[in-house]
Amino acid sequence: MLLPRDYYLSTDVLALAPDLLGKLLVVSGENEQVSGMIVETEAYRAPEDRASHAFGNRLTPRTRTMFLEGGHAYVYVCYGIHELFNVVTGPEGIPHGILIRAIQPVRGIETMALRRNRAISNPEIGKGPGCLTQALGIERKHNALRLYDPESPVQIHDVGHRIPADQLGTSHRIGVESSGDSALLPWRYYIRKNPYVSGGIHQ
DNA sequence: AAGAGGATGAACT
DNA sequence: GTTCATCCTCTTG
């Protein structure tokens, strides 16, 4: 089932981030559709979250997307090299978002392995926020599109996969050490023991 | 107009 | 554990 618009409008981004685990991220390209199960996420909750681009309700051409209504994609370039994919959540004007950090390939794994220049069996295909976008073919051109639109090339589906409580892991977020106290918040969520989860921590 | 720095990944030692 | 590729965005002047 394609996740509906309402799903993304909750103001509780800390509940939505773990709820996205097990959902299917589907990308339709020119010739082919590829997909992967979300296995790692991070919540970003501006305005009070120092680690968020929209900290203090900072509004720039880039962060503008985060202020859109929930259900839009926020794609931006990191370190000039990698494109990172986020799900905007909450009502319009509240810049909450969820960074998708890893996926487990489901459909089109051959294509993804080719794009990543890795063997089919190599978890590096979907491990890490810059890697999964390369594997799935998510690019900056997908910024600000509506994930719940039946015509959208990027969608998120509920395929009935539920994560048992004892398989849900949490930790501090990755790569935000310079964000003061916000760096300590346990807003990273992942499926325990899943080989596609990034960072050292996946027990 | 110029410069600093970044929600990373890969290839090193 | 360390280094660096690479370029966009934002701030400052």
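Computed from heavy atoms alone, side chains included, the values below leave out hydrogens, waters and symmetry copies. Here is how names work: the chains are called A, B, and so on, in the same order as the sequence lines, proteins then strands, and each is numbered from 1. Model, not experiment: these values are computed from the prediction.
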For the pair [X] and [Y], find out whether any cationic side-chain nitrogen is under 4.0 Å from an anionic carboxylate oxygen.
X	Y	result
A:R45	A:D12	no
A:R173	A:E42	no
A:E124	A:R116	no
A:E151	A:R146	no

- Message: Please give me every residue in residues 69-95 of chain A whose heavy atoms get under 4.0 Å of an atom in DNA chain C, ordered by residue number.
- Response: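 By residue number: A:Y79, A:G80, A:I81.
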- Task: Would you mind telling me which of B:dG9, B:dA7, C:dT11 lies closest to the side-chain atoms of A:C131?
- Result: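 The listed nucleotide nearest to A:C131's side chain is B:dG9.
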For atom [atom1] of [X] and atom [atom2] of [N], their distance in whole Å:
X	N	atom1	atom2	value
A:F55	B:dG5	CZ	C1'	17 Å
A:L59	C:dT11	CG	C1'	16 Å
A:I174	B:dG9	CD1	P	10 Å
A:Y189	B:dA7	OH	C1'	15 Å

- Task: Runs of at least three consecutive Watson-Crick or G-U pairs, both distances under 3.5 Å, are what I'm after; which ones involve DNA chain C?
- Result: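 In DNA chain C, stems of three or more pairs: B:1-6 with C:7-12, B:8-12 with C:1-5.
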- Task: Can you label the angle between the A:Y8 ring and the A:Y148 ring as parallel, tilted or perpendicular, going by 30° and 60°?
- Result: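 Ring orientation, 0 to 90° scale: tilted.
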- Closer than 4.0 Å, any side-chain N/O of A:R116 to the OP1 or OP2 of B:dA10?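 True: A:R116 side-chain N/O within range (under 4.0 Å) of B:dA10 OP1/OP2.
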- Message: Quick check: A:H142 with A:F85 (ring centres under 6.0 Å apart)?
- Response: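 No, too far apart.
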- Map A:R118 and A:V176 onto DNA chain B by nearest heavy atom, then report which one ends up closer to the 5' terminus.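 Closer to the 5' end of DNA chain B: A:V176.
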- With a 4.0 Å cut-off on heavy atoms, is A:R173 in touch with a base, just the backbone sugar-phosphate, or nothing at all?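 Answer is nothing: A:R173 stays at 4.0 Å or more from every strand.
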